[in-house]
> 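Can you keep this structure in mind? I'll have questions shortly.
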Amino acid sequence: MADSRTPSPAAAGPPHAVVRHVVLFGRVLREGGLEVGPRRIADALRALDAIDLARQEDVYWALRQTLVARREDLETFDRAFHAWFLRAATPPPLRPAQPLRTAAERRRVGAPAAGVELDGGEIEVGSWSRDELLRKRDFAAMTAEEFARARALIREIAVGRPRRRTHRLRPDDRGTAIDVRALVRASLATGGDPVVRAYRSRAHAPRKLVLLLDISGSMEAYARALLLYLHAARGSGRGVETFAFGTRLTRLTPELGSRNADTALAAASSRVVDWSGGTRIGESLKAYNDEWGRRALTRGAVVVVLSDGCERGDPLVVAAEMARLARQAFAVVWVNPLKGHPEYEPLTGGMQAAYPYIDRLVSGHDVASLEALGTVLGGIVRRHAA
């Protein structure tokens, strides 16, 4: 039975280590198919604040009652709970009042996540600066103050773009094509003799870049940070197109054109009408392919899809539209915030359907991963068959 105590109005919330555990555990559950959004995570944290965290049974029921909405998800939750918090391969029979750790650690749940060391309840960061720590903080675990600081870091990210050879020729002393016009002009000074020869070569220009951001409910914890990245990409030069999708596709290229990030984000937020709603990845990709793909926007472009791959519609539609996208694009990159978890595998229906047509699958859960994405885009090569 869960503890009947309720927190006092002045009670402090769960410590940061617990918050991080629950946020990451929620991502694991979403990857397993459960509908776990930021509101459920907030409910879970409030429930944990009202119980004794040293009691395994209380922790189990607090999380189960706040994070599970469907009976068919109970088995998935049980397996995830015991694998994540207890490092057990299969869930053993639940025993009441079993302590998770010693009394000195009663405000922490389970073992620390990979890469995190705990000492006396605090996260050990050594000599890292505040910004260095913030660069590797999951967007979903950030406080409002941390996210405000992270905004400045995201705005400074350099978005890489591969270059392509154009049909336009430019003067080049090392070129192989003779510049006839320049040759004739130069020969006028020598009585018509082509003493000075001029050459040209093909110019290079950045490839087109198309970004499609999932702003559905399951992406709520990441969408606004990734929208900032879209704004940074929009400012990298000509040939960048940006879209948002949830239940419908919305073009945001004009709205994100302002150099002022706050102005651009306010305009984009006003333009989008389906923030934190349902997810129709396949239908949204079809809308893009039907309207914008036919305008040759995709041809030769690097297309970046930013989504957790949690599809509410038919995965077969996702597969068909991703195939269309891959045939026209130079390369397709999928940015999935859930991939930041070391045990992530693309198991959801949407990700499984899209995976055969993706050239690179990368994470996008923190500032550091978005910085790495810029490097990936700058050096991307096509790997799928034409």
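Keep in mind that what you see is a predicted model, and the values were worked out from it rather than measured.
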> Could you tell me whether Arg299 atom CZ has more than 12 heavy atoms of other residues or ligands within 6.0 Å of it?
no
> Quick one: sort the Phe81 and Phe25 rings into parallel, tilted or perpendicular, breaks at 30° and 60°.
perpendicular
> Taking only Lys NZ, Arg NE, NH1 and NH2, and the carboxylate oxygens of Asp or Glu, determine whether Arg46 and Asp43 approach each other closer than 4.0 Å.
yes
> Which is it for Tyr222 and Asp308 under the side-chain hydrogen bond (donor to acceptor under 3.5 Å, both in side chains) test, yes or no, and what are the steps along the way?
CA-CA 10 Å; Tyr222 301 98; Asp308 57 7; over 6 Å; no
> Taking only Lys NZ, Arg NE, NH1 and NH2, and the carboxylate oxygens of Asp or Glu, determine whether Arg149 and Glu145 approach each other closer than 4.0 Å.
no
> Tell me the closest heavy-atom pair linking Ala69 and Arg40, and the distance in Å.
CB-NH2, 3.2 Å
> Measuring only between side-chain heavy atoms, which start at C-beta, is Leu211 closer than 4.5 Å to Arg234?
no
> Using a 4.5 Å cut-off on heavy atoms from C-beta on, say whether the side chain of Val210 contacts that of Trp292.
no
> Do other residues, nucleotides or ligands put more than 12 heavy atoms under 6.0 Å from Arg259 CZ?
no
> Should Arg312 and Glu35 count as an ion pair when the cut-off is N to O under 4.0 Å?
yes
> Around Tyr355, counting heavy atoms of other residues, nucleotides and ligands shown, do more than 12 lie under 6.0 Å from its OH?
no
> Under a 4.5 Å cut-off applied to non-hydrogen side-chain atoms, are Asp359 and Val333 in contact?
no
> What are the two closest non-hydrogen atoms of Ala44 and Leu63, and how far apart are they?
CB-CD2, 3.9 Å
> Cation over ring, Arg55 on Trp61, under 6.0 Å and within 45°?
no
> Answer whether the closest heavy-atom distance between the side chains of Leu256 and Val240 falls below 4.5 Å.
no
> Taking all non-hydrogen atoms of both residues into account, name the closest pair between His231 and Leu265 and its distance.
CB-CD1, 4.3 Å
> Please determine, by modelled atom types, if Thr279 and Ser216 share a side-chain donor-acceptor pair under 3.5 angstrom.
yes
> What is the distance from atom CG of Leu306 to atom CD1 of Ile215, rounded to the nearest 0.5 Å?
12.5 Å
> Would you say Arg30's side chain and Val36's backbone share a donor-acceptor pair under 3.5 angstrom?
yes
> Any non-hydrogen side-chain atom of Met322 less than 4.5 Å from a side-chain atom of Trp334?
yes
> With the side chain counted from C-beta on, respond yes when Leu134 and Met142 share a heavy-atom pair under 4.5 Å apart, and no when they do not.
yes
> Set out, in order, the CA-CA distance, both residues' side-chain angles and the distance that settles side chain to side chain contact (heavy atoms under 4.5 Å, CB included) for Tyr357 and Leu325, then state yes or no.
CA-CA 8 Å; Tyr357 308 102; Leu325 200 66; over 6 Å; no
> When rounded to the nearest 0.5 angstrom, what distance separates CG in Asp58 from CD1 in Ile51?
5.0 Å
> Which heavy-atom pair separates Ile157 from Ala232 by the least distance, and what is that distance?
O-CB, 4.3 Å
> Asp214 and Ala223: which non-hydrogen atoms are nearest, and at how many Å?
O-CB, 4.1 Å
> Which heavy atom in Ile154 sits nearest to a heavy atom in Ala225, and how many Å separate them?
CD1-O, 3.9 Å
> Heavy atoms, side chains only, cut-off 4.5 Å: are Val335 and Tyr229 in contact?
no
> With the threshold set at 4.0 Å, does a side-chain nitrogen-carboxylate oxygen contact exist between Arg324 and Glu321?
yes
> Report yes if some heavy atom in the side chain of Leu249 is under 4.5 Å from a heavy atom in the side chain of Glu291; otherwise report no.
no
